[in-house]
A.B. asks: 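Structure below; questions to follow.
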Amino acid sequence: MHPILKLVLQRIALGILLLFAASAMIFGLTEALPGDAAQAVLGQGATEEALANLRREMGLDQPAITRYFQWLGGIVQGDLGTSITNRLDIATSISNRLGNTLFLAFWAAVFSVPLAIFLGLLAVRYQNRWPDKVISGATLATISIPEFLIGYVLVYFIAVQLGWFAPLALISDSMSLGQKLHAIALPVIVLTMVVLAHMMRMTRAAILNVMQSAYIETAELKGLSTFNVIRKHAFPNAIAPIVTVVMLNLAYLVVGVVVVEVVFVYPGMGQYLVDAVVKRDVPVVLACGVIFAGIYISLNLIADLVSILANPRLRHPK
Amino acid sequence: MKDQLDYYAGRVTAGKMSRREFMGKAAALGVSAAVASTMFADAVQAAGPTKGGDLKLGSIGGESTNSLDPALAASQVPYANLYHFGETLVEVAPDGSIENRVAEEVEASADAKTWRFKIRSGIEFHNGKTLTAEDVMRTIERHSNEESQSGALGLLRAIESMRVDGNVFEVTLDGPNADLPYYFADYHLMIQPDGGFDNPAAGIGSGPYITELDEPGVRHLFRRNPNYWDSNRGHVETSEVIVINDATARMAALQSGQVHVANRVDPKVAALLNRAPNLTVRNASGPGHYVFIMHVDTEPFDKNELRLALKYAIDREEMVDKILRGFGSVGNDTPINAAYPLYTEIEQRAYDPEKAAEHYAKSGHDGSPIILRVSDVAFPGAVEAAQLFQQTAQAAGIPLELKREPGDGYWSEVWNNQPFCASYWGGRATQDQMYSTAYLSTADWNDTRWKREDFDKMLLAARAELDPAKRKAIYADMGQMMHNEGGLIAPMFNDFVNGVNTAVQGWIDDPTGDMMSGTYSSKVWLAS
């Protein structure tokens, strides 16, 4: 077997093992929260009798271990189960929201990743001069401000005062791609601002590191312009750490944007997960958790593979 | 100038002058924009409803766990949805009287035990079937049977038997109840085809709008029902309920015009919002109230002198000012206010540290701190309200100690368990319902442990009494009794506060329920 294929298979197997561990941990933690789904659904209106009825109906009278393995039995057959609060099929409910989340993450990535890398290259080119300082300062400022604040500020000025975009990012299937992009413009801007600094700083640092090497000096001596030196010689050799940080940020765009979803009323996975946690709807929490964990693990897998492929020494091991 | 303005207003009413023109003419006459805007709204109002347009509500209280099943509705979004596609037998009108809807006539037997509802003919469900008395009976059956999880179950326990007699639905109760029509105005009891037994969450009813899109936790879209029986309702072409749980996002959507109406406006921002030219903040004083509740059977609250001391030691005016920012009214230590039918005013109790100290001395309390449990979830501003209470009590020499409890689990661990805590009540349609829910000896939610045989007897006597004057007198006595001896400290009644775009016409400040008692979408229209 080709060593790279073997490595991929090893990594995938490890990933699946990690998923099981994650699901057990999520289950344990939701069990540790005070109250249960029946209590959360009935709220102030709970009476002893109604609680007992609802618990029986939700299957909460079974021991926790039994419930976990029932769920596990379903998921290995590809069945995510049904929500215990509204009894809807989880797979159907999730597919729409996951689609929305990926749509937003995709467009945020389309704008932020090239922009971050380009700004990183620019910062190296003008290292320690004013463009570098402006880029670093601005991106650090946007990452330091909480994202909900950036969101509210944009909503107030751009949506309420200027009226260029709508404050709520409402999208539906009947909209054209252009209308959808117009609707999600503000959350995409916020997300871009939030993830820009991390990727840009990493690009800058990784390339500067390579710039110290002897072959860069050779390239300079043979008369290449600074930007071409960076583009042709420094960047390809700095790609591994950059890809790693880009993947981390992509994962964040998928799993970490619940605050942005709330501010812009975007119907994504984050809000769905939060509703489920509040109502102690364990099957939904588990399903969302496993999907999020799966996305994280696969993006990291891709990052590892890219860094191996980008490095000739790892690509052709002795 | 007055004549000229009247003339212009008349032109608006006749549909011959636009808002812009009117505002311009009014400004030329030296009328301020705010006044002119109100005059314009009045003139448009006088012109009567116009049909068409897309009405949008931004609402709190929606989750991805919501269902269209009327039995399960418990928060604002499902509540708004129900009044789009559904209709109840009767409704509570803004003045507190009963308005007939699906029922054309309501009639009680002399002993108030048997009630006959004559069903209006010619009403059609959205699936094309004709609404019959049979459907009505099946609906009530579904909400009152053994397996029911309906929020209306408690109300319907008193039903002994039901039958259909031609186009009449007849209910017999296990005891007399003069308030029965109010039970059937409950928002859970939307009439569904075959009572909704086959598919309760289908969103099919006989209401003024037909369900078009149902995305729980995101939005719900309804289109005008062309076959609706009442031409005075259902004016807009589509009505959309958009879930916006975040308060800031809801206000931004309202300000930018993305939604026409936003509910649950925070009193803190209401004044600022009211300054925006395109919207007004509308408030109606409802039956909801914020409370501090004492268990009258538990030390030290079993002594009425101590209860009175605490009641005199709270500054209700200050709380309405600081916690509700004026969007509410002072309470008077009973759960009833002017929003209820048959209400009698009782002399207002005011903050009086001297009287409080006097009662406190008489109670013989040993001076150990009295523990008041509180949490943010008890009601908006509960912790601050408790701190105000602590300060005013201290001025009367009463040592109040606050204990902050976590919000998670507050309703299961603290409320209805601990002897002194903060809480809220949403109120009910009638005094009978409010007292039966929380102050009858046998009530599940008797959160002040108020168990008084004489009080129970008065409640049952009032329930059986068909003469409003006599009932009113009994309720007045009951209110006085709670005011003097009850375990309830009710500092304030909170208003329903909603933000409404000026394009929305026909809005009523309805005290009987939030969002015009749920019926906003069928009563308002959009100015063209």
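Sequence lines set the chain letters: A, B, ... in the order given, protein chains first and strands last, and positions in each chain run from 1. Please read these numbers as outputs of a predicted model, since none were measured by experiment.
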A.B. asks: For Ile242(B), is it the side chain, the backbone, both, or neither that has a heavy atom closer than 4.5 Å to a heavy atom of chain A?
C.D. replies: side chain

A.B. asks: Please rank Arg250(B), Glu63(B), Glu215(B) by heavy-atom pairs under 4.5 Å with chain A and give me the top one.
C.D. replies: Glu63(B)

A.B. asks: Could you check whether Asp69(B) pairs with Arg142(B) (Lys NZ or Arg NE/NH1/NH2 to Asp/Glu carboxylate O, under 4.0 Å)?
C.D. replies: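 Salt bridge: yes.
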
A.B. asks: Which bit of Ala166(A) is near chain B, if near means a heavy-atom gap under 4.5 Å: side chain, backbone, both or neither?
C.D. replies: both

A.B. asks: State whether the number of non-hydrogen atoms from other residues, nucleotides or ligands found under 6.0 Å of Leu162(A) atom CG is greater than 12.
C.D. replies: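 Yes, enclosed.
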
A.B. asks: Check Val265(A) against Leu170(A) and note the closest heavy-atom contact, atom names and distance.
C.D. replies: O-CD2, 4.0 Å

A.B. asks: For atom CZ of Arg264(B), is the number of surrounding heavy atoms from other residues, nucleotides or ligands below 6.0 Å larger than 12?
C.D. replies: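 No.
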
A.B. asks: Does any heavy atom of chain A fall under 4.5 Å from the side chain of Gln258(B), the backbone, both, or neither of them?
C.D. replies: side chain

A.B. asks: Looking at Val160(A), Leu168(A), Val155(A), which has the largest count of heavy-atom pairs under 4.5 Å with chain B?
C.D. replies: Leu168(A)

A.B. asks: Report, in residue-number order, which members of residues 189-197 of chain A are under 4.5 Å from chain B by heavy-atom distance.
C.D. replies: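 From residues 189-197 of chain A, none sit under 4.5 Å of chain B.
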
A.B. asks: Tell me whether Phe197(B) at atom CZ has more than 12 heavy atoms from other residues, nucleotides or ligands lying less than 6.0 Å away.
C.D. replies: yes

A.B. asks: Where on Asn416(B) is there a heavy atom nearer than 4.5 Å to chain A: the side chain, the backbone, both, or neither?
C.D. replies: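 Neither; nothing under 4.5 Å.
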
A.B. asks: Give a yes or no answer on whether the side chain of His289(B) reaches the backbone of Gly427(B) with a donor-acceptor pair at less than 3.5 Å.
C.D. replies: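 The answer is no, because no donor-acceptor pair under 3.5 Å joins these two groups.
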
A.B. asks: What do you reckon, is CE of Met25(A) surrounded by more than 12 foreign heavy atoms closer than 6.0 Å?
C.D. replies: no

A.B. asks: So that I know where these two stand, are Phe379(B) and Tyr290(B) an aromatic pair - ring centroids less than 6.0 Å apart?
C.D. replies: yes

A.B. asks: Of all the heavy-atom pairs spanning Arg373(B) and Tyr410(B), show the shortest one and how long it is.
C.D. replies: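 Smallest heavy-atom distance, with atoms named: O-OH, 3.4 Å.
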
A.B. asks: Could you list which of residues 93-109 of chain A have a heavy atom closer than 4.5 Å to any heavy atom of chain B, in residue-number order?
C.D. replies: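 From residues 93-109 of chain A, the residues near chain B are Arg97(A).
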
A.B. asks: Return a table of donor-acceptor pairs under 3.5 angstrom between the side chains of residues 54-62 of chain B and protein atoms on other chains or two or more places apart.
C.D. replies:
residue  : atom : partner   : partner atom : Å
Asp54(B) : OD1  : Thr238(B) : OG1          : 2.5
Ser59(B) : OG   : Asn263(B) : ND2          : 2.9

A.B. asks: Could I get the full list of salt bridge (charged side-chain N to carboxylate O under 4.0 Å, His left out) partners for Arg449(B), not counting sequence neighbours?
C.D. replies: none

A.B. asks: Is Arg219(B) close to chain A through its backbone or its side chain, or both, or neither, when contacts mean heavy atoms under 4.5 Å?
C.D. replies: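 The side chain, not the backbone.
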
A.B. asks: For Tyr156(A), does the OH atom sit with more than 12 other heavy atoms under 6.0 Å from it, leaving out its own atoms?
C.D. replies: no

A.B. asks: Contact part of Tyr272(A) toward chain B, heavy-atom cut-off under 4.5 Å: side chain, backbone, both or neither?
C.D. replies: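 Its backbone and side chain both get close to chain B.
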
A.B. asks: Any luck finding a side-chain donor-acceptor pair between Tyr68(A) and Ser23(A) under 3.5 Å?
C.D. replies: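 Result is yes, a qualifying pair exists.
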
